[in-house]
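Everything on this sheet refers to the single structure shown next.
Throughout, protein chains are lettered first and strands after them, A, B, ... in sequence-line order, and every chain is numbered starting at 1.
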Amino acid sequence: MEKTYQPADIENRCYENWEASGFFAPTGKGKPYCIMIPPPNVTGTLHMGHAFQHTIMDALTRYHRMQGHNALWQPGTDHAGIATQMVVERQLEEAGQTRTGLGREAFLEKVWEWKNHSGNTISRQMRRMGDSVDWSRERFTMDEGLSRAVTEVFVRLYEEGLIYRGTRLVNWDPVLHTAVSDLEVISKEEDGHLWHFRYPLTSGDGYLVVATTRPETMLGDTAVAVHPDDERYRQLVGQTVRLPLADREIPIIADDYVDPEFGTGCVKITPAHDFNDYEIGLRHKLPQINIFTEGASISQNAPRPYQGLDRTEARRRVVADLDKLGLLEGIDDHKLMVPRGDRSGEIIEPFLTDQWFVKATELAGPAIEAVESGQIRFVPENWSKTYFEWMHNIQDWCISRQLWWGHRIPAWFDAAGNVYVGHDEADARARHSLDDTIPLHQDEDVLDTWFSSALWPFSTLGWPEQTPELKTFYPTTVLVTGFDIIFFWVARMIMMGLKFTGEVPFREVYITGLIRDHDGQKMSKSKGNVIDPLDLIDGIELEALLEKQTTGMMQPQLKSKIERATRKQFPDGIPEFGTDALRFTFAALASTGRDIRFDLNRVEGYRNFCNKLWNAARYVLMNVAPENSTAVRVDEYVPLSLPDRWIRSRLGKTIAAVQDHFGNYRFDLAAKALYEFTWNEYCDWYLELSKPALQDDSPEKPGTRRTLATVLEALLRCLHPVVPFITEEIWGKVAPVAGASGTSIMLQNFPSVDDFPADEQAETELAWLQAFILGVRQIRGEMDIAPNRRLPVLLRDLSGDDKRLLKAHSSRLTQLARIQSIEILDDDQEPPPSAMALMGGMKILVPMAGLIDVEAERQRLEKNRDRAQNNLGRTQGKLRNEQFMANAPPAVVDKERAKSAALEQEITQLNEQLARLDQL
RNA sequence: AGGCGCGUAGCUCAGUGGUUAGAGCACUUGCUUGACAUGCAAGGGGUCGGUGGUUCAACUCCACUCGCGCCUACCA
């Protein structure tokens, strides 16, 4: 073995071997365990959030596979309609082509080409991460099978009246020329203005003042509204005003919606361009005048002078023209929420169009019930509130998109505009008894990508066919995803799953935190703070990293800023950490919080952990490998020493803890338990304790060798779900000497607590040993005595146990504490001036002669005494408190009594020793 | 406006109604100890955001409060 762990060497080799051997496929035996991957955008790349979630899904899958479950981690990707279409359009643009120039069919060919080209990126990343997905079952939302599921669902929902087509106000992206769902609109506060306009009363005397943040929409006003109880305007209700510029007469109406306190208490009503106004318009049967085109310039429904103007230009002209007419009352600065498309970044227009909708309210009921009843459990539980919050206020879901890339809506129109829905054109005709002579054309639009994603848990398993996989793995076990897509995806999967399979799509939803950068910022391309997980695995030079951060930017003006930030954050680029270190980091960061700051130092720490494990294995192999000595016998009885018994007991408790934490999705605690056992117990203590026991003449040698190997072997299995590569590599070498066999660690059983039962006596005795060694080390450390200098040690006031344990373990003590000699003083023997450590009643003394500074020792003892004194004060305070004595459980009182006695003894001993120092 | 979360060591974070509140990183001191300097040993560092309450006992439970953040819905 190499002296340090070199991850790159082994990781690729390992994975290829696993994959080629078919180890990722479900075994077909045992309890089904299934995780559906949240399908990433096929043309994208995996970011840190994916890497994080994949680590968790893979750890769970490997863990359950090792528990003997029939484990399936189902991989796949989605077609990401808008995002992908945008990318391909941009590529066309660079080549001097346009989507419309190419035509639908040719364009789609281009998209498929791009999909095939870039789709590999994700699978390459996943393989590098060690993801044990069943590649043979990989699915894509636009696959034939999944597309059939989409059509089936659409047709059935349509026939049940749960999908309808209608003219509604929707969120319209005027750049992408498509409707988007309300979830795809990001509203942010921006600086704007509030313009006050005068609308002259038709009756001739005076005017009303309305306020607006969007002056250009006044061209489509069809009313002015006031609050019905507003005394100022009550007598005007029913009258009309003359809409300036448009020169239309519009009514003054009364509606509760108006807040009389805000502005002037008069609101202009533009039903075709505002969601609230739209509702008011419906209530009052107002006309809807659509004054925009699909590109948000002024349409022919507006007065001629404004037609064709862009919306921002139209705004300037409207304001200027009103000003000219003396109708501009004033302009105030005003902060308002501006809705922008999450893809285009452009201001979204409420826009009146024909779209397809899902009646979400009807699907929501059972979906709410499924979580309320506990059929689906959110982890952490609190996220169910977010889910309920949204589900109780759910709006109909606009599912049509004016795009080309996606599932084309299975609806056909005749010349009269009648719509016929079916699985395909022939089916549509058959269902509606239309003969072939009637010309039909298919709806041009496609479905929202999330529509197909909502079917993912069952469409990937073959639905609508009743496949064996569906029967076995559905409902799936757990969904692992981020809180940012609870509405987009989780809720919709629950609704669709229940509707079409009658069962929940998953039993549990584990909601992960969001990976943020070191400063707590969300990682995004525009901030230039995204990290490719592969760059942490393989490392990357600063220059290459800068190049990566600043290419393909949407806002090139930020380049220098990003460069500076990158140089500051990663002055030397990123070193190679390896997959396992990254995975361990993700596991360790997976606590219950919802923001996770990614800290490079943590990765480094866990890289060191891998190296520690590697070297522990090196040590074990040096000592157990048959070529160095006789083979370790695992099949016959050998006596086990105290350290052997102790480490086995500790391992058993670690295994139990890890199982517990996996069950509760506390990967941070699992990682911590594994880290602490490996480093602080196995390496720091057991390996050190094994050294004297491995001397040739030691009777403990056989037991120690066996324990070294068997504990390491089991530890590797315990670690494997989190760090698959290094454990596989080491296991291959350790298993044979530990009496284990098999082709791969990933097919072994997870270690069992039963094989490593608790041994409380061994734990107590080893704790004594540790305390002794620590006592001596403390004196050595604080007195600055060289580590290689062997110390003479005197002991006083030993209990029977002390004597017994000392006798049994003096050689261990001598080695680990680097002791020259141990001498037991009788009670009447006056010890020489010494530094002292206390172990219960027993005193450990290190004679000072030439070694120890009296003043330093005095300070050390005083510090210890003061600390003890403080504690004693607190403890005695409690014991003097009658209420405490009366109300606290007896066990707690006893504990305080014992503590008090021990502290008193300690203080007495320390004071005596301090008095001795004074006499020097 | 409503909902949710966070505030613990210099930094990133665990934590429990009753241990001396922990870890990693950083810091100080000493060490090339035959697995590992990606290491070993010892050490310093926190009135657990604030106030009040419940309790024999609060970092932990409750109320209020300050600060930060997120989500949903918004007053034109």
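- Residue A/R618 places at least one side-chain N or O closer than 4.0 Å to OP1 or OP2 of B/C36.
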message: Applying side chain to side chain donor-acceptor pair (under 3.5 Å) to A/Q876 and A/E896, what does each step give before you reach the verdict?
response: CA-CA 8 Å; A/Q876 289 186 333; A/E896 288 299 320; over 6 Å; no
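- Residue order along RNA chain B, read from the 5' end via each residue's closest nucleotide, puts A/N382 first among A/R594 and A/N382.
- Ring geometry, A/F609 versus A/Y675: the interplanar angle falls under 30°, so the pair is classed parallel (tilted spans 30 to 60°).
- Within the 4.0 angstrom heavy-atom criterion, no nucleotide atom of any strand lies near A/T386.
- Note that CG of A/L194 and OG1 of A/T213 are 7.0 Å apart. Values are rounded to the nearest 0.5 Å.
- Note: A/E688 CD to A/I773 CD1 = 10.0 Å, rounded to the nearest 0.5 Å.
- Of all the heavy atoms in A/P380 and A/T592, the pair that sits closest is CG-O, 4.3 Å.
- Residue A/Q6 is out of contact with every strand shown, counting any heavy-atom pair closer than 4.0 Å.
- A/N611 and A/T4 make their closest contact through OD1-CA, 3.3 Å (heavy atoms, listed as atom of the first residue, atom of the second, distance).
- For the C1' atom pair drawn from B/A35 and B/G45, the interatomic distance equals 32 Å after rounding to whole Å.
- A/E729 has a carboxylate O that lies under 4.0 Å from a charged side-chain N of A/K733, or vice versa, which qualifies the two as a salt bridge.
- Salt bridge annotation for A/E906-A/K899: absent, with no cationic side-chain nitrogen under 4.0 angstrom from a carboxylate oxygen.
- Taking atom P in both B/G44 and B/G2, the straight-line distance is 49 Å, to the nearest Å.
- No contact: A/H196 has no heavy atom under 4.0 Å from any strand.
- Look at the C1' atom in both B/G67 and B/G50: the space between them is 10 Å, to the nearest Å.
- Counting to the nearest Å, the P atom of B/C70 and the CZ atom of A/F487 are 16 Å from each other.
- Close to B/G15, at under 4.0 Å from its OP1 or OP2, lies a side-chain N or O of A/R666.
- In this structure, A/K691 satisfies the cation-pi test against A/Y619, with its NZ or CZ atom closer than 6.0 Å to the six-membered ring centre and inside 45 degrees of the ring normal.
- With B/A37, B/G69, B/U19 as the candidates, the nucleotide lying closest to the side chain of A/K899 is B/U19.
- Shortest non-hydrogen contact noted between A/I907 and A/R865 is CG2-CG, 4.2 Å.
- If you take atom C1' in B/C27 and the same atom in B/A9, they sit 12 Å apart, rounded to whole Å.
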Distances for protein N/O vs nucleotides 39-43 of chain B N/O pairs under 3.5 angstrom?
unit_1	atom_1	unit_2	atom_2	d
B/G39	OP1	A/N608	ND2	3.0
B/G39	O3'	A/K612	NZ	3.0
B/C40	OP1	A/K612	NZ	2.6
B/C40	OP1	A/W679	NE1	2.7
B/G43	OP1	A/Q778	NE2	3.3

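- Among B/G69, B/A76, B/U38, the nucleotide with an atom closest to any side-chain atom of A/D595 is B/G69.
- Closest to the A/K691 side chain, of the nucleotides B/G15, B/A35, B/U38, is B/A35.
- We find the CZ-CD1 distance between A/R597 and A/I515 to be 12.5 Å, quoted to the nearest 0.5 Å.
- Candidate nucleotides B/G18, B/G30, B/U38 were compared by shortest atom distance to the side chain of A/D784, and B/G30 ranks first.
- Where RNA chain B pairs in unbroken runs of 3 or more (Watson-Crick or G-U, both distances under 3.5 Å), the stems are B:1-7 with B:66-72, B:10-13 with B:22-25, B:27-31 with B:39-43, B:49-53 with B:61-65.
- The residue A/N615 sits close to a base: some heavy atom pair falls under 4.0 Å.
- Taking the six-membered ring for Trp and thresholds of 30 and 60 degrees, A/H334 and A/F262 have ring planes more than 60 degrees apart, a perpendicular arrangement.
- Contacts of A/D259 with the nucleic acid, taken as non-hydrogen atoms under 4.0 Å apart, include base atoms.
- Nearer to the 5' terminus of RNA chain B, by closest-nucleotide assignment, is the contact made by A/Y682 (compared with the other of A/Y682 and A/R214).
- Remark: the A/E896 side chain and the B/A57 base include no donor-acceptor N/O pair separated by less than 3.5 Å.
- For A/P889, taking side-chain heavy atoms from C-beta onward, the closest of the listed nucleotides B/A14, B/G18, B/A76 is B/G18.
- Taking both residues in full, the closest heavy atoms of A/E216 and A/I291 are given as O-CD1, 3.4 Å, listed atom of the first, atom of the second, then distance.
- Rounded to an integer number of Å, the gap from A/I186 CD1 to B/A73 C1' is 14 Å.
- A/F598 has its ring centre less than 6.0 Å from the ring centre of A/F586.
- The phosphate of B/C36 has OP1 or OP2 within less than 4.0 Å of a side-chain N or O from A/K3.
- If you check every strand for non-hydrogen atoms under 4.0 Å, A/F598 touches nothing.
- Note on ring orientation: taking the six-membered ring where Trp is involved, the planes of A/W390 and A/F487 are parallel (angle under 30°, cut-offs 30° and 60°).
- In this structure, A/R789 reaches neither bases nor backbone, as no heavy-atom distance under 4.0 Å exists between it and the strands shown.
- For an aromatic pair to be called close, the ring centres must be under 6.0 Å apart, and A/Y5 with A/W614 satisfies this.
- Comparing the same atom, C1', in B/U8 and in B/A23 gives a spacing of 13 Å after rounding to whole Å.
- Considering only the side chain of A/F884, B/C56 comes nearest among B/U33, B/C56, B/A76.
- What separates CZ of A/R516 from C1' of B/C6 is a distance of 12 Å, to the nearest Å.
- The same atom, C1', is picked in B/U28 and in B/A21; the two are 23 Å apart, to the nearest Å.
- Taking atom CZ of A/F586 as the reference point, atom P of B/C13 lies 14 Å away to the nearest angstrom.
- Atom CD1 in A/I486 sits about 13 Å away from atom C1' in B/G5, given to the nearest Å.
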Output one line per pair: protein atom, nucleotide atom from nucleotides 7-12 of chain B, and distance, for all N/O pairs under 3.5 Å.
unit_1	atom_1	unit_2	atom_2	d
B/U12	OP1	A/R597	NH1	3.0

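- Look at CD on A/Q395: it is 13 Å from P on B/U72, rounded to the nearest Å.
- Of the candidate nucleotides B/G30, B/A35, B/A37, B/G30 has the atom lying nearest to any side-chain atom of A/P787.
- Taking the P atom of each, B/C13 and B/C6 are spaced 13 Å apart, rounded to whole Å.
- One interatomic measurement links the two molecules: CH2 of A/W383 to C1' of B/C6, which rounds to 12 Å at whole-angstrom precision.
- With both ends at atom C1', the span from B/A63 to B/U55 equals 15 Å, rounded to whole Å.
- Out of B/C25, B/A76, B/A35, the shortest distance to the side chain of A/N601 is found at B/C25.
- For the pair A/H392 NE2 and B/U72 C1', the computed distance is 14 Å after rounding to whole Å.
- Across all strands, A/A616 comes closer than 4.0 Å to base atoms (heavy-atom distances).
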